[in-house]
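Heavy atoms only: backbone and side chains are in, while hydrogens, waters and symmetry mates are out. Ligands are counted one by one from 1 in listed order, and the atoms in each one are counted from 1 as well. Not measured: the values here are computed from a predicted model.
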Amino acid sequence: MKNIVLFGAPGSGKGTQSELLIEKYGFKHISTGDALRAEIKQGTELGKIAQGFINDGKLLPDDLIIKLLASVYDSMLPCEGIIFDGFPRTIPQAEALNEMLKERGETLSAMIELDVPEEELITRLILRGKSSGRADDNEATIRQRLEVYKQQTRPVSDWYEKEGSRHAIKGIGSLESIFADICKVVDAL
Ligand code: AMP
């Protein structure tokens, strides 16, 4: 079974590329952002906590998100592979992911990073906000999310580089060419 982290800033194309990977390889997909938005919709306790963090463009506490991730992961087994989208976003989350996989006799297959310049991210997220209906796709929250990304999430990229599992992909250009580059990494796993 393949366990693949699709990594990148908000707006880097993780969701779109995940959909293409699901279609081509039959993988399952865990988006912690989608899982939290579902909790909010259902009005659960976690949803109530999540709402404030999401609207402020801040990260949820690691322990809550790690617990959520493990329960969604277990609900998806058995399967050919799982793509992690929007997780891990902090080094403790990356460490917890390794630990969670180890406890289940699994390992991380690869971390694939979509590299997109910041101006392009802002343009894409503002455009997405016109149709996504997401409360956090407005300019002030977008800037806050990108700041959080720089401070808390970007160091995770170096962490994976040191682990030897990071594969960087240029995340600009056509969807198809970006997807082809991702497939080259996946096919070699
Ligand atoms: P996303 O849909 O991945 O952009 O996530 C939307 C929001 O959900 C983020 O801005 C955070 O508030 C929250 N969130 C999603 N994933 C995580 C995570 N791994 N750790 C902490 N907060 C998260």
Working for side-chain contact (heavy atoms from CB on, under 4.5 Å), residues M100 and L69: CA-CA 9 Å; M100 185 199 82; L69 181 94; 3.9 Å; yes
Considering all heavy atoms, the nearest V156-P88 contact: CG1-CG, 4.2 Å
Under 3.5 Å donor-acceptor, T32 side chain and G86 backbone: yes
What does the N/O contact table under 3.5 Å look like for ligand 1?
{"from": "ligand 1", "atom 1": "2 (O)", "to": "R37", "atom 2": "NH1", "distance (Å)": "3.0"}
{"from": "ligand 1", "atom 1": "2 (O)", "to": "R37", "atom 2": "NH2", "distance (Å)": "2.9"}
{"from": "ligand 1", "atom 1": "2 (O)", "to": "R134", "atom 2": "NH1", "distance (Å)": "3.3"}
{"from": "ligand 1", "atom 1": "2 (O)", "to": "R134", "atom 2": "NH2", "distance (Å)": "3.4"}
{"from": "ligand 1", "atom 1": "3 (O)", "to": "R89", "atom 2": "NH1", "distance (Å)": "2.9"}
{"from": "ligand 1", "atom 1": "3 (O)", "to": "R89", "atom 2": "NH2", "distance (Å)": "3.3"}
{"from": "ligand 1", "atom 1": "4 (O)", "to": "R89", "atom 2": "NH2", "distance (Å)": "3.3"}
{"from": "ligand 1", "atom 1": "4 (O)", "to": "R134", "atom 2": "NH2", "distance (Å)": "3.2"}
{"from": "ligand 1", "atom 1": "12 (O)", "to": "K58", "atom 2": "O", "distance (Å)": "2.6"}
{"from": "ligand 1", "atom 1": "16 (N)", "to": "T32", "atom 2": "OG1", "distance (Å)": "2.8"}
{"from": "ligand 1", "atom 1": "16 (N)", "to": "G86", "atom 2": "O", "distance (Å)": "3.4"}
{"from": "ligand 1", "atom 1": "16 (N)", "to": "R89", "atom 2": "NH1", "distance (Å)": "3.0"}
{"from": "ligand 1", "atom 1": "19 (N)", "to": "G86", "atom 2": "O", "distance (Å)": "2.9"}
{"from": "ligand 1", "atom 1": "19 (N)", "to": "Q93", "atom 2": "OE1", "distance (Å)": "3.0"}
{"from": "ligand 1", "atom 1": "20 (N)", "to": "Q93", "atom 2": "NE2", "distance (Å)": "2.9"}
{"from": "ligand 1", "atom 1": "22 (N)", "to": "L60", "atom 2": "N", "distance (Å)": "3.1"}

Ring geometry between F84 and F87 (parallel below 30°, tilted from 30 to 60°, perpendicular above 60°): tilted
Within 6.0 Å of CD in E80, more than 12 heavy atoms from elsewhere: no
Test side chain to side chain contact (heavy atoms under 4.5 Å, CB included) applied to W159 and R166, E95, M111, the passing residue: E95
